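So the structure is just underneath, and the comments pick up after that.
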Amino acid sequence: MRLINSQFAHQPSITPVARPPPGPSHTPRALWPPLDFSLGALACCGACVVTNPLEVVKTRLQLQGELQARGSYQRHYRGVLQALWVVGSTDGLRGLQKGLTAALLYQGLMNGVRLGFYSYTEAAGLTDAPGGSLIAGAAAGALGAFIASPAYLVKTHLQAQTVAAIAVGHQHNHQGVSSAFVSIYQREGVTGLWRGVNGAVPRVMVGSAAQLATFSSAKDWVTRAQWFGPNSWLTALTAAMMSGVAVTITMTPFDVISTRLYNQPVDEFKRGRLYCGFVDCLMKVCATEGIMGLYKGMTPVFVRLAPHTVLSMLIWDVLRQRALLYTH
């Protein structure tokens with residue numbers, strides 16, 4: 001017994017090593033880029049299916065009374081609900097989902113690149129610097145908007161198309177998504193597919209910077225306030241609702257200009273018949289329609305953007321959290 005005690009007495013004492021408690025800081029922040037791209041695309045495509053009827057109505061309201069003084073044109077669309085009823089009763093239920101294929105293509109490309117690029121900069125710590133979230137969000141939006149611009153061009157053309165009784169803006173009369181791409185390419189060449197990109201890039205830069213920066217900041221604030229439990233989906237939902245308001249206020253004027261540039265007809269020299277570019281469109285809208293012309297369709301913009309932002313940001317955040325836990 002004494003021998004056994006002496007043996008244990010001469011052994012060095014073993015001090016347990018303290019392990020850091022599990023938490024968000026010990027979860028890998030970066031995902032495999034193709035997976036991150038796919039999650040961003042999937043999230044925004046899911047939101048697009050739900051909100052596309054509002055996108056159709058928004059496009060019609062923004063084209064209504066183009067370059068005409070207020071009160072000098074017939075108003076086919078007078079609000080979100082009335083416009084939804086007019087489109088549904090005239091074009092049928094399929095009319096409410098006009099341009100859905102092109103819209104899904106646009107959402108998949110643009111937001112896959114945008115959200116994937118932003119999450120990469122976030123994982124690299126670039127968003128931690130002052131103004132980093134805004135800069136990263138704007139850069140991600142610009143890249144995504146440029147790549148996906150042809151899809152947005154076709155989407156706008158198709159969503160503006162309708163019967164003459166309720167038509168607004170120029171009618172391109174495409175037969176479908178593939179025929180629209182082919183006809184634009186045959187008429188204007190490759191550069192024609194990127195017509196209007198000078199309006200799309202600032203539009204998405206502003207909207208993306210506002211959305212991603214406010215979503216990240218709001219999510220951090222709600223988390224610190226401990227309104228909900230750890231990793232609760234309600235945290236992402238609350239942050240997305242706050243983000244939707246910021247996006248609507250900042251993005252609507254750019255959205256109006258972008259819609260006008262995309263939908264305008266072109267002449268035999270492949271130049272726009274109505275606008276020469278972003279600044280020219282801005283000046284002409286203000287001169288003929290007033291400053292409020294830049295906020296045409298703001299209500300459907302918010303009604304569409306708020307649920308789209310909520311759904312896309314919520315789905316994206318939940319999918320990424322699950323993917324991070326799985327890869328961890």
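Just so you know, residue 1 is the first one in the sequence shown, and it goes up from there. All values derive from a computational prediction rather than experimental measurement.
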| field | side chain to side chain donor-acceptor pair (under 3.5 Å) against Asn263, all qualifying residues, sequence neighbours excluded | value | none
| task | Kindly indicate whether the side chain of Val204, heavy atoms from C-beta on, has any atom under 4.5 Å from the side chain of Phe254. | result | no
| For the residue pair His172 and His174, does the interplanar ring angle fall in the parallel (under 30°), tilted (30 to 60°) or perpendicular (over 60°) class? | parallel
| query | Other than Val266, what residues sit in its cluster of Ile, Leu, Val, Met, Phe, Trp and Tyr side chains whose heavy atoms are under 4.5 Å apart, directly or through others? | reply | none
| query | Thr162 versus Arg60: any side-chain heavy-atom pair under 4.5 Å? | reply | yes
| query | If we ignore angles and hydrogens, is there a donor and acceptor under 3.5 Å between the side chains of Ser149 and Tyr262? | reply | yes
| query | What's the verdict on side chain to side chain contact (heavy atoms under 4.5 Å, CB included) for Tyr275 and Leu67, showing C-alpha distance, side-chain angles and the deciding distance? | reply | CA-CA 10 Å; Tyr275 314 104; Leu67 296 184; 3.5 Å; yes
Would you tabulate the side-chain donor-acceptor contacts of residues 189-201 under 3.5 Å, counting partners in other chains and residues two or more places apart, or write 'none'?
| from | atom 1 | to | atom 2 | distance (Å) |
| --- | --- | --- | --- | --- |
| Trp194 | NE1 | Phe146 | O | 2.7 |
| Arg195 | NE | Glu188 | OE1 | 2.8 |
| Arg195 | NH2 | Glu188 | OE1 | 3.3 |
| Arg195 | NH2 | Lys270 | O | 2.2 |

| Are the side chains of Thr127 and Tyr118 in touch, meaning some heavy atoms are under 4.5 Å apart? | yes
| field | Partners passing salt bridge (charged side-chain N to carboxylate O under 4.0 Å, His left out) against Arg187 (at least two apart in sequence or in another chain) | value | none
| Minimum side-chain heavy-atom gap Lys98-Asp91 below 4.5 Å | yes
| remark: The remaining residues in the hydrophobic cluster of Leu126, counting side-chain heavy-atom contacts under 4.5 Å among Ile, Leu, Val, Met, Phe, Trp and Tyr, are none
| said: If the condition is salt bridge (charged side-chain N to carboxylate O under 4.0 Å, His left out), which residues does Asp280 pass it with, not counting sequence neighbours? | reply: Lys284
| Is any NZ, NE, NH1 or NH2 atom of the basic residue among Asp267 and Arg273 found under 4.0 Å from an Asp or Glu carboxylate oxygen of the other? | no
| said: Show me the pairs that pass salt bridge (Lys or Arg N to Asp or Glu O under 4.0 Å) and involve residues 214-242, at least two apart or across chains. | reply: Lys219-Asp317
| said: Test: salt bridge (Lys or Arg N to Asp or Glu O under 4.0 Å). Region: residues 237-251. Which pairs qualify, not counting sequence neighbours? | reply: none
| field | Thr235 and Trp227, any side-chain heavy atoms less than 4.5 Å apart | value | no
| request: Scan residues 136-158 for pairs that pass salt bridge (Lys or Arg N to Asp or Glu O under 4.0 Å), counting only residues two or more places apart or in two chains. | output: Glu55-Lys155
| task | Carefully, step by step, assess Leu96 and Val56 under the rule side chain to side chain contact (heavy atoms under 4.5 Å, CB included). | result | CA-CA 7 Å; Leu96 292 171; Val56 173; 5.8 Å; no
| query | Hydrophobic clusters join Ile, Leu, Val, Met, Phe, Trp and Tyr when side-chain heavy atoms are under 4.5 Å apart, directly or via other members; which others share one with Phe269? | reply | none
| query | Taking ILVMFWY side chains as joined if any heavy atoms are under 4.5 angstrom apart, and letting links pass through other members, which residues group with Trp85? | reply | none
| So Val80 and Lys58, side chain to side chain contact (heavy atoms under 4.5 Å, CB included) or not? Walk me through it. | CA-CA 8 Å; Val80 178; Lys58 181 215 74 171; over 6 Å; no
| task | Determine, stepwise, if the pair Asn52 / Gln159 fulfils side chain to side chain contact (heavy atoms under 4.5 Å, CB included). | result | CA-CA 10 Å; Asn52 191 63; Gln159 290 179 339; 3.1 Å; yes
| message | Among residues at least two apart in sequence or on other chains, which ones pass salt bridge (charged side-chain N to carboxylate O under 4.0 Å, His left out) with Glu289? | response | Arg260, Lys296
| Sidechain-backbone polar pair: Ser243 side chain, Ala239 backbone, donor-acceptor under 3.5 Å | no
